[in-house]
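What follows is a set of notes on a single structure, which appears directly below.
Below, all heavy atoms of this structure are taken into account, side chains as well, without hydrogens, waters or symmetry copies. Residue numbers begin at 1 in each chain, while the letters A, B, ... track the order of the sequences. In this text the structure is predicted, and so the values were computed from the model without any measurement.
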There are 2 protein chains.
Amino acid sequence: MIVKRDFLKSLPIFSALPDPILDKLTDRAEEFTYKNGEYIFYEGDPPDWLCIIREGNVKAVKYLEDGKEIILHVFMPGDIFGELAILDRRPYPASAQSMGHTKILKLHYTHCRDICENVPEVRMKLIQSMGEKQRGFVDRLETAMTTRVEKRIAHMLLKLAGASDSKGGTYINLHLTRKDIANMVGTTIETTIRIMSRLQKEGIIESTKTGITILRPDLLRERGGEHE
Amino acid sequence: MIVKRDFLKSLPIFSALPDPILDKLTDRAEEFTYKNGEYIFYEGDPPDWLCIIREGNVKAVKYLEDGKEIILHVFMPGDIFGELAILDRRPYPASAQSMGHTKILKLHYTHCRDICENVPEVRMKLIQSMGEKQRGFVDRLETAMTTRVEKRIAHMLLKLAGASDSKGGTYINLHLTRKDIANMVGTTIETTIRIMSRLQKEGIIESTKTGITILRPDLLRERGGEHE
DNA sequence: TGGGGGCAATGATATAAATCATATTCCTGG
DNA sequence: CCAGGAATATGATTTATATCATTGCCCCCA
């Protein structure tokens with residue numbers, strides 16, 4: 001399985017790994033495929049797996065008592081999630097749900113914990129990625145605390161365009177439904193549809209089946225930043 | 001300075017530290033005092049210090065372009081903040097501001113980084129505390145994404161009461177202004193005042209100069225949880 | 001000791017967004 | 001290839017909350 005090995009090697013976290021250890025890791029990494037809407041794990045599950053996205057996208061979701069869904073984060077190909085599993089052994093704080101068809105590499109925590117203990121570079125990378133995540137949450141909170149919904153959506157779109165690898169951060173290579181967007185910014189589907197339609201009519205964004213293009217990042221930033 | 005040493009020893013993170021290392025650390029820990037509103041550090045500062053609260057409270061704040069303040073977190077006595085300084089060396093993502101009079105112990109990152117490298121127990125504790133923080137953010141986001149302001153406030157009060165060490169989690173030992181509360185849940189001062197007054201009139205909470213008592217946690221939970 | 005600035009309180013009004021209601025289109029799985 | 005559920009769209013109505021405006025209080029310090 002040369003391809004799997006190369007994929008692991010290509011990840012920043014494992015790039016410094018000596019070959020023999022990498023081989024063993026490759027051996028132990030199990031690949032799974034998921035269909036749209038399937039869960040990789042549920043909130044509260046014992047955190048036994050560290051997951052890496054090979055293909056597709058995964059959303060971290062949480063459900064309120066009234067059934068309302070909150071999307072905490074959208075993971076991209078190459079992203080690692082569930083890394084708390086290795087570091088602190090408490091239950092997953094959210095569920096991980098497949099968006100469309102995905103391929104996920106899973107590593108059992110016992111395997112990578114050893115590596116993490118023994119290879120300082122891997123440990124460092126993992127800690128750095130936790131730091132990244134924390135900064136991501138700060139940003140996420142900033143979005144969520146903004147009152148006007150249009151601002152929240154604008155902020156979120158710009159952020160996603162930056163994260164999704166694309167020419168100049170203007171294309172969001174993701175199939176997001178209006179419901180997804182609503183659950184990311186904490187509003188209703190109807191409001192999201194109205195605002196997205198307005199942004200589209202004004203020529204600021206273009207929304208297709210495959211993704212969203214930000215035609216005028218400048219104007220969108222204005223929407224996201226100013227106090228009207 | 002026996003007292004300072006004992007204080008450090010009393011912290012979970014340093015409790016496993018061998019005596020000689022603890023002594024050295026005690027020596028290197030500098031104590032500072034801050035008045036209400038003073039900043040311990042600013043967003044964007046180089047993250048040179050790990051801070052521990054000896055007395056008082058500190059809020060982690062961020063400012064939007066329009067000057068609006070967002071309170072990300074309120075730290076309690078014994079809490080550690082700025083720990084990203086040791087782990088990943090990127091600028092602080094938020095400012096730390098003193099609430100009332102505080103005493104802060106500061107450790108330069110070079111000093112504790114060595115300890116962190118060499119004493120696995122300390123490293124573990126630190127990573128665990130990062131995990132805690134991440135879970136805290138998830139919870140924070142959950143609050144922020146709730147639409148009704150009353151729910152958000154109820155959720156936040158219950159959370160604070162749990163964090164603040166008090167008999168049965170019904171007393172918030174903190175001087176929060178209505179503005180603080182507004183900035184924690186992302187609303188205006190007026191709306192906060194109205195909702196807090198209502199909750200007080202209904203006998204659910206009691207607000208005094210020194211803190212807030214939750215008289216009816218059950219009713220508050222209802223407010224925070226139900227869909228009206 | 002007296003003023004002044006921050007904080008709480010409250011009313012009136014405007015408005016953004018939730019809610020309710022219905023179509024229409026679009027996929028997708030059988 | 002068809003049916004039916006999901007997603008998009010749009011209108012009407014209600015409601016929560018932002019916004020504007022004013023007042024009084026308290027406490028801090030000059």
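- Using a 4.5 Å heavy-atom cutoff, the side chains of A:Lys35 and A:Ser98 are not in contact.
- With rounding to whole Å, B:His101 atom NE2 is found 17 Å from D:dC28 atom C1'.
- Side-chain atoms of B:Arg178 and B:Ser207 include a donor-acceptor pair closer than 3.5 Å.
- Under the 3.5 Å distance criterion, the side-chain polar atoms of B:Lys4 are matched with a main-chain donor or acceptor of B:Ala29.
- Proximity of B:His108 to B:Trp49: side-chain heavy atoms (C-beta onward) are separated by under 4.5 Å at one or more points.
- Along DNA chain C, the nucleotide nearest to B:Met196 and the one nearest to A:Thr187 differ in position, and the one closer to the 5' end is contacted by B:Met196.
- Regarding B:Lys151, its NZ atom lies at a distance of 18 Å from the P atom of C:dA17, rounded to whole Å.
- Residues A:Lys59 and A:Glu69 have side chains in contact (heavy-atom distance under 4.5 Å, counting atoms from C-beta outward).
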Protein-nucleotides 21-30 of chain C N/O pairs under 3.5 Å:
none

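- Taking atom CZ of residue A:Arg148 and atom P of nucleotide D:dA18, one finds them 12 Å apart after rounding to whole Å.
- Remark: B:Glu65 does not engage A:Arg221 in a salt bridge, criterion side-chain N to carboxylate O under 4.0 Å.
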Any N/O pairs under 3.5 Å between the protein and nucleotides 2-8 of chain D? List them or say none.
unit_1	atom_1	unit_2	atom_2	d
D:dT8	OP2	A:Arg178	N	2.9

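- Following rounding to the nearest Å, B:Leu199 (CG) and C:dA8 (C1') show an atom-to-atom distance of 16 Å.
- Within the 4.5 Å cutoff, no side-chain heavy atoms of B:Glu43 are placed close to those of B:Tyr92.
- Taking 4.0 Å as the cut-off between side-chain N and carboxylate O, B:Arg5 and B:Asp27 do not count as a salt-bridged pair.
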So A:Phe75 and A:Cys51, side chain to side chain contact (heavy atoms under 4.5 Å, CB included) or not? Walk me through it. CA-CA 11 Å; A:Phe75 294 102; A:Cys51 304; over 6 Å; no
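- Put simply, B:Thr147 has no side-chain N or O that comes within less than 4.0 Å of OP1 or OP2 on C:dA18.
- C:dA8 atom P lies 17 Å from atom CZ of B:Arg198, rounded to whole Å.
- In summary, A:Arg223 and A:Glu202 engage in a salt bridge, as defined by a charged side-chain N under 4.0 Å from a carboxylate O.
- Taking atom CG of residue B:Asp180 and atom C1' of nucleotide C:dA8, one finds them 14 Å apart after rounding to whole Å.
- Between the NZ atom of B:Lys35 and the P atom of D:dC27 there is a distance of 20 Å, given to the nearest Å.
- One atom, CE of B:Met145, and another, P of C:dA17, lie 15 Å apart when rounded to the nearest Å.
- Summary for the helix from C:dT1-D:dA30 to C:dG30-D:dC1: the axes at its two ends, each from 5 pairs, differ by 50° when rounded to the nearest 10 degrees.
- Within the 4.5 Å cutoff, side-chain heavy atoms of A:Asp88 are placed close to those of B:Arg135.
- B:Thr191 has a side-chain polar atom (N or O) that falls below the 4.0 Å cut-off from OP1 or OP2 of D:dA18.
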